[in-house]
Amino acid sequence: MRSFKEKVILAVGQIPKGRVASYGQIAAICGNIRAARQVGAILKSVQDLGSLPWWRVLNSQGNISIKGNFSATKSLQKILLEEEGVEVTANFSIEMEKYRWKKK
DNA sequence: GAACTGACTTGAT
DNA sequence: AATCAAGCCAGTT
(Lines give C-alpha, C1' and ligand atoms only; values in the text may rest on other atoms or scores of the structure.)
Protein backbone atom coordinates (compact mmCIF):
# COMPACT_ATOMS: atom_id res chain seq x y z
CA MET A 1 0.00 0.00 0.00
CA ARG A 2 1.43 3.26 -1.10
CA SER A 3 1.50 5.87 1.61
CA PHE A 4 -0.31 9.14 1.20
CA LYS A 5 3.04 10.79 1.29
CA GLU A 6 4.27 8.91 -1.74
CA LYS A 7 1.11 9.75 -3.66
CA VAL A 8 1.57 13.41 -2.89
CA ILE A 9 5.12 13.34 -4.13
CA LEU A 10 4.02 11.68 -7.34
CA ALA A 11 1.13 14.09 -7.86
CA VAL A 12 3.26 17.17 -7.28
CA GLY A 13 5.82 15.77 -9.65
CA GLN A 14 3.17 15.74 -12.38
CA ILE A 15 2.47 19.45 -12.22
CA PRO A 16 3.75 20.87 -15.50
CA LYS A 17 6.10 23.81 -15.56
CA GLY A 18 4.34 27.14 -15.49
CA ARG A 19 1.24 25.78 -13.76
CA VAL A 20 0.23 25.65 -10.12
CA ALA A 21 -2.09 23.56 -7.94
CA SER A 22 -3.62 24.03 -4.52
CA TYR A 23 -2.88 21.80 -1.55
CA GLY A 24 -6.47 20.71 -1.62
CA GLN A 25 -6.23 19.83 -5.27
CA ILE A 26 -3.21 17.65 -4.67
CA ALA A 27 -4.91 16.05 -1.71
CA ALA A 28 -7.96 15.30 -3.85
CA ILE A 29 -5.83 13.63 -6.48
CA CYS A 30 -4.31 11.52 -3.75
CA GLY A 31 -7.73 10.35 -2.66
CA ASN A 32 -8.67 12.65 0.18
CA ILE A 33 -9.17 16.38 -0.18
CA ARG A 34 -9.44 16.68 3.57
CA ALA A 35 -5.81 15.74 3.97
CA ALA A 36 -4.71 19.01 2.41
CA ARG A 37 -2.79 19.90 5.54
CA GLN A 38 -0.66 16.84 5.19
CA VAL A 39 0.37 17.92 1.72
CA GLY A 40 1.98 21.01 3.14
CA ALA A 41 3.55 19.10 5.97
CA ILE A 42 5.00 16.61 3.51
CA LEU A 43 6.44 19.20 1.18
CA LYS A 44 8.06 20.77 4.18
CA SER A 45 9.67 17.56 5.34
CA VAL A 46 10.71 16.19 1.97
CA GLN A 47 13.38 18.86 1.46
CA ASP A 48 13.98 17.47 -1.99
CA LEU A 49 14.53 20.83 -3.63
CA GLY A 50 16.07 19.42 -6.78
CA SER A 51 13.48 16.91 -7.94
CA LEU A 52 10.20 17.96 -6.36
CA PRO A 53 8.45 21.12 -7.65
CA TRP A 54 6.96 22.00 -4.28
CA TRP A 55 6.84 25.67 -5.24
CA ARG A 56 4.02 24.96 -7.72
CA VAL A 57 1.71 24.20 -4.81
CA LEU A 58 -0.29 27.03 -3.25
CA ASN A 59 -3.30 27.35 -0.98
CA SER A 60 -6.86 27.60 -2.30
CA GLN A 61 -6.72 31.39 -2.42
CA GLY A 62 -3.83 31.29 -4.83
CA ASN A 63 -1.41 32.54 -2.23
CA ILE A 64 1.84 31.24 -0.85
CA SER A 65 0.98 30.21 2.66
CA ILE A 66 4.22 29.19 4.21
CA LYS A 67 4.37 29.83 7.92
CA GLY A 68 6.10 33.11 8.63
CA ASN A 69 5.64 36.01 6.23
CA PHE A 70 9.30 36.71 5.69
CA SER A 71 10.76 33.27 5.57
CA ALA A 72 13.46 32.69 3.00
CA THR A 73 11.49 29.77 1.67
CA LYS A 74 8.52 31.96 0.85
CA SER A 75 10.64 34.40 -1.08
CA LEU A 76 12.32 31.55 -2.88
CA GLN A 77 8.97 30.19 -3.99
CA LYS A 78 8.04 33.51 -5.52
CA ILE A 79 11.30 33.62 -7.44
CA LEU A 80 11.01 30.05 -8.67
CA LEU A 81 7.48 30.66 -9.95
CA GLU A 82 8.49 33.80 -11.77
CA GLU A 83 11.31 31.86 -13.37
CA GLU A 84 8.63 29.67 -14.94
CA GLY A 85 6.57 32.57 -16.19
CA VAL A 86 4.00 32.66 -13.39
CA GLU A 87 3.20 36.19 -12.30
CA VAL A 88 3.40 36.61 -8.55
CA THR A 89 2.35 39.92 -7.03
CA ALA A 90 4.36 41.67 -4.34
CA ASN A 91 2.01 40.29 -1.71
CA PHE A 92 2.63 36.74 -2.88
CA SER A 93 -0.74 36.23 -4.57
CA ILE A 94 -1.27 34.42 -7.84
CA GLU A 95 -4.10 34.34 -10.37
CA MET A 96 -5.24 30.78 -9.75
CA GLU A 97 -7.84 30.77 -12.52
CA LYS A 98 -5.14 31.66 -14.95
CA TYR A 99 -2.43 29.25 -13.83
CA ARG A 100 -4.36 26.44 -12.13
CA TRP A 101 -3.18 23.00 -13.25
CA LYS A 102 -5.83 20.85 -14.86
CA LYS A 103 -4.87 17.23 -14.72
CA LYS A 104 -5.78 15.35 -17.87
C1' DG B 1 0.44 3.15 20.13
C1' DA B 2 -1.41 7.46 22.13
C1' DA B 3 -0.76 12.38 21.75
C1' DC B 4 0.67 16.31 19.28
C1' DT B 5 1.22 19.12 15.06
C1' DG B 6 0.10 21.80 11.17
C1' DA B 7 3.27 25.03 3.95
C1' DC B 8 -5.29 23.58 4.51
C1' DT B 9 -10.25 24.67 3.79
C1' DT B 10 -14.64 26.33 4.69
C1' DG B 11 -18.08 28.49 6.85
C1' DA B 12 -19.43 31.81 10.43
C1' DT B 13 -18.51 36.48 12.68
C1' DA C 1 -12.85 42.45 3.20
C1' DA C 2 -10.64 40.68 7.35
C1' DT C 3 -10.62 37.48 11.42
C1' DC C 4 -11.89 33.55 14.02
C1' DA C 5 -13.12 28.84 14.88
C1' DA C 6 -13.62 24.28 14.05
C1' DG C 7 -13.17 20.04 11.20
C1' DC C 8 -9.82 16.72 9.25
C1' DC C 9 -6.15 13.32 8.92
C1' DA C 10 -1.32 11.56 7.79
C1' DG C 11 3.16 12.16 9.57
C1' DT C 12 6.13 12.81 13.59
C1' DT C 13 7.39 12.35 18.36
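Per chain, numbering begins at 1; letters A, B, ... match sequence-line order.
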Hey, are E95(A) and R100(A) close enough for a salt bridge, meaning a charged N less than 4.0 Å from a carboxylate O?
-> no
Taking DNA chain B as the partner, which of residues 10-31 of chain A come within under 4.0 angstrom of it by heavy atom?
-> S22(A), Y23(A), G24(A)
Test item: S65(A) and Y23(A) side chains (from C-beta on) under 4.5 Å apart, heavy atoms | yes
Quickly, which of V20(A), L58(A), V88(A) forms a side-chain contact (heavy atoms from CB on, under 4.5 Å) with Y99(A)? Name it, please.
-> V20(A)
Name the pairs: protein N/O against N/O of nucleotides 1-3 of chain B, kept only if under 3.5 Å.
none

Give every donor-acceptor pair under 3.5 Å between a side-chain atom in residues 25-39 of chain A and any protein atom, sequence neighbours left out.
from	atom 1	to	atom 2	distance (Å)
Q25(A)	OE1	S22(A)	N	3.4
Q25(A)	NE2	W101(A)	O	2.6
N32(A)	OD1	R34(A)	N	2.9

Candidate pair W54(A) and T73(A), rule side-chain contact (heavy atoms from CB on, under 4.5 Å), full reasoning = CA-CA 11 Å; W54(A) 55 267; T73(A) 306; 3.8 Å; yes
List every contact pair, protein side and nucleotides 2-7 of chain C side both N or O, where the distance is under 3.5 Å.
from	atom 1	to	atom 2	distance (Å)
dG7(C)	O6	R37(A)	NH1	3.0

When you measure from the side chain of Q77(A) to the backbone N and O of K74(A), does any donor-acceptor pair fall under 3.5 Å?
-> no
Which heavy atom of I9(A) sits nearest a heavy atom of L52(A), and at what distance?
-> O-CD1, 3.6 Å
Applying side-chain contact (heavy atoms from CB on, under 4.5 Å), run through E6(A) and S3(A) and close with a yes or a no.
-> CA-CA 5 Å; E6(A) 293 176 295; S3(A) 71; 3.3 Å; yes
List, with names and distances, any nitrogen or oxygen atoms from the protein found under 3.5 Å away from nitrogen or oxygen atoms belonging to nucleotides 10-13 of chain B.
none

Does K98(A) come within less than 4.0 Å of E87(A), counting only side-chain N to carboxylate O?
-> yes
Can you name the closest pair of heavy atoms from N63(A) and I94(A) and give their distance?
-> ND2-N, 4.3 Å
Compute whether any side-chain donor of one residue and acceptor of the other, for N91(A) and T89(A), lie under 3.5 angstrom apart.
-> yes
Looking at K17(A), R19(A), R56(A), which one forms a side chain to side chain donor-acceptor pair (under 3.5 Å) with E84(A)?
-> R56(A)
Can you check the N32(A) CG to dT9(B) C1' distance for me, whole Å?
-> 12 Å
What is the distance, rounded to the nearest whole Å, between atom CG of L43(A) and atom P of dG6(B)?
-> 16 Å
Whole-Å gap separating P (dA10(C)) and CD1 (I9(A)) = 16 Å
K5(A) and V46(A) have their tightest heavy-atom pair at CE-CG2, 4.4 Å
Roughly how far, to the nearest 0.5 Å, is the CD atom of E83(A) from the CH2 atom of W55(A)?
-> 10.5 Å
Shared hydrophobic cluster for I64(A) and L76(A) (ILVMFWY, side-chain gaps under 4.5 Å) = yes
Separation of dA10(C) P from K44(A) NZ (nearest whole Å) = 16 Å
Grab the N/O contacts between the protein and nucleotides 11-13 of chain C below 3.5 Å, and write none if there aren't any.
from	atom 1	to	atom 2	distance (Å)
dG11(C)	OP1	K5(A)	N	2.8

